[in-house]
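The chains referred to below are lettered A, B, ... by the order of the sequence lines, with proteins before strands, and numbering in each begins at 1.
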Number of protein chains: 2
Amino acid sequence: MPRPARNYQAAVYGHVARVARAVASPRRLELLELLAQRPRTVEALARLAELSVASASQHLQVLRAARLVEAERHGTFVEYRLAGTEVEEALVALRQLAERREREIGELTRDFLERRGVLEAIDSEELLQRVRAGAVTVLDVRPAEEYAAGHLPGAISVPLAELEARLRELPRRRPVVAYCRGPYCMMSAEAVATLRRRGFTAHRLDHGVVEWRARGERVETAPGAPPP
Amino acid sequence: MPRPARNYQAAVYGHVARVARAVASPRRLELLELLAQRPRTVEALARLAELSVASASQHLQVLRAARLVEAERHGTFVEYRLAGTEVEEALVALRQLAERREREIGELTRDFLERRGVLEAIDSEELLQRVRAGAVTVLDVRPAEEYAAGHLPGAISVPLAELEARLRELPRRRPVVAYCRGPYCMMSAEAVATLRRRGFTAHRLDHGVVEWRARGERVETAPGAPPP
DNA sequence: TGCATATTCTATTGTTTACTTGAATACTCG
DNA sequence: CGAGTATTCAAGTAAACAATAGAATATGCA
């Protein structure tokens, strides 16, 4: 290959690799997942991801340099957000690729769910059908602000921490489907375990809002339907 | 978040990051592009990517550990290939994401093409239409073995090195569209420059077989149509 | 069996990366 | 304008990575 073409190609692949490198860190993947739920400040991200503020800030700089996140000042806070839905879609795609490539991911998930007694009998596609059809009570167990920033249509918000106290709000006869931040977030598993202990029929949906939207489905940002 | 859930999540993101890290290297991106054209031996890859054999082998081990490529022994050679079309699709998706995120990529490309006098007037979507409609002579300027492993429907194989000598095979009246390995491969630009110097109407298609297939189009592996 | 060849492994080197700590900057609000 | 807070920057250290050369392994074929 002629020199100039090689140099050009090397430069371009350097840039592509930079973007890939930005997501090639467990910490930053976690930050991206958190940002996919809603925009957040550095301090909030550091707390949720169990990082020092300085460390979180540096990771965010890396993500910003790769233009995967954007920063906006709000008074004394800086709020970070994902830079566009392509980033969400890329994240979902990467997770899917990884799940097919690294068998260990599936094993880890199965192990974890089994240990909590939340092994799924129903497959996820069927669950999605029922969610779409409104044939189940859909429970969003994330913190309320994340629910407010976007949730599955018809879902009601019952943050995991409040679940025990608010069980009476849920109709006993209808099966419950709980979801949270995504396939690797286990708040929904915790919720399902609790619900089953209390006699509910409950299942875990391994999709979050990000996956839902990446599938081209509608997301609600309104307060959401009150429990029937 | 409870400890076990955190540990689980950290482990999973570790695996996802491993896959991302495997593609987060300019060298390995180049190897993947070369493998996307056709399966190859370590030695061939080392030569094409201008790497030492040992170094190429190590990069291939990384890619294999992430299960992005597969190895198969053929006698004394080991032939590497991409592990499934998901990998191709992920590559195309990554490039697209990077192109939207890193403005420099577009600039580098524009610069390079301008310097060769191959600045495109026609936009790529229209070019694709014409290629699909068979309204142009489609030229595959990659080495013949890559053409044999898969090419755009109706394309004829004229490796860049042979182009000057085989110009008479091409109909003068029809516009020519040249393509090669993908958006960052400049063999097609070289070909277009040559063709224009010789009085042809010629354009560069910034898609390769991988992009073509990722769009859901058919790829030919038969010898291909002879020049009219 | 043994030689030749293709590939991989090992050890070493120099570079890059992640995290921590402490200081510096930028903004708001009194 | 100055105090207070959120965030970023800078420096230092430990760990991970890439490239090189040379040794080791595995296969085909005489």
Answer yes or no: is there an ion pair linking [X] with [Y], defined by an N-O contact shorter than 4.0 Å?
X: B/Arg67; Y: A/Glu104; value: yes
X: B/Glu43; Y: B/Arg47; value: yes
X: A/Glu86; Y: B/Arg101; value: yes
X: A/Arg213; Y: A/Glu89; value: no
X: B/Arg18; Y: A/Glu102; value: yes
X: A/Glu88; Y: A/Arg81; value: no

Query raised in the report: Nucleotide range of DNA chain D contacted by chain A, 5' to 3', under 4.0 Å to a heavy atom?
Result: D/dA6 to D/dA10
Query raised in the report: Where the side chain of B/Glu162 meets the backbone of B/Pro159, is there a donor-acceptor pair that is under 3.5 Å apart?
Result: no
Set of residues satisfying side chain to side chain donor-acceptor pair (under 3.5 Å) with respect to [X], sequence neighbours excluded:
X: B/Glu107; result: none
X: B/Glu164; result: B/Arg198
X: B/Glu30; result: A/Arg6
X: A/Gln96; result: none

Query - Pairing annotation in dot-bracket form, given for DNA chain C with Watson-Crick or G-U pairs under 3.5 Å and | for cross-strand partners - result: ||||||||||||||||||||||||||||||
Requested in this report: Only pairs at least two apart or in different chains count here, so list each side chain to side chain donor-acceptor pair (under 3.5 Å) that has a residue in residues 181-194 of chain A.
Outcome: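 Matches after skipping sequence neighbours: A/Glu99-A/Tyr184, A/Arg116-A/Glu190, A/Glu146-A/Arg181, A/Ser188-A/Arg204, A/Thr194-A/Arg197.
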Requested in this report: Grab the NE2-P distance between B/His59 and C/dT8 for me, whole Å please.
Outcome: 13 Å
Query raised in the report: In residues 72-84 of chain A, what residues come within less than 4.0 Å of DNA chain D, judged by heavy atoms?
Result: A/Thr76, A/Phe77, A/Val78, A/Tyr80
Query raised in the report: Residues from residues 6-20 of chain B sitting under 4.0 Å of DNA chain D, heavy atoms only?
Result: none
Report task. Locate the shortest heavy-atom distance separating A/Ala22 from A/Leu68; write the atom from each residue and the value. Result -> CB-CD1, 3.9 Å
For residues 54-62 of chain B, which side-chain N or O atoms pair as donor and acceptor with protein atoms under 3.5 Å away, sequence neighbours left out?
from	atom 1	to	atom 2	distance (Å)
B/His59	ND1	B/Arg28	NH1	3.1
B/Gln61	OE1	B/Arg64	NH2	3.2
B/Gln61	NE2	B/Tyr80	OH	3.1

Query raised in the report: Got a sec? Which of residues 48-57 of chain A come in under 4.0 Å of DNA chain C, heavy atoms?
Result: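 Under 4.0 Å from DNA chain C: A/Ser52, A/Ala54, A/Ser55.
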Query raised in the report: With sugar-phosphate meaning primed atoms plus P, OP1 and OP2, does B/Arg28 contact a base, only sugar-phosphate, or nothing at under 4.0 Å between heavy atoms?
Result: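 Answer is sugar-phosphate: B/Arg28 comes under 4.0 Å of backbone atoms only.
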Requested in this report: By nearest nucleotide on DNA chain C, pick out whichever of A/Gln58 and A/Arg21 is the more 5' one.
Outcome: A/Arg21
Report task. Under the ring pair (Phe, Tyr, Trp, His ring centres under 6.0 Å) rule, collect the residues that match up with B/Tyr8, sequence neighbours excluded. Result ->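 Residues passing ring pair (Phe, Tyr, Trp, His ring centres under 6.0 Å) with B/Tyr8: A/Phe112.
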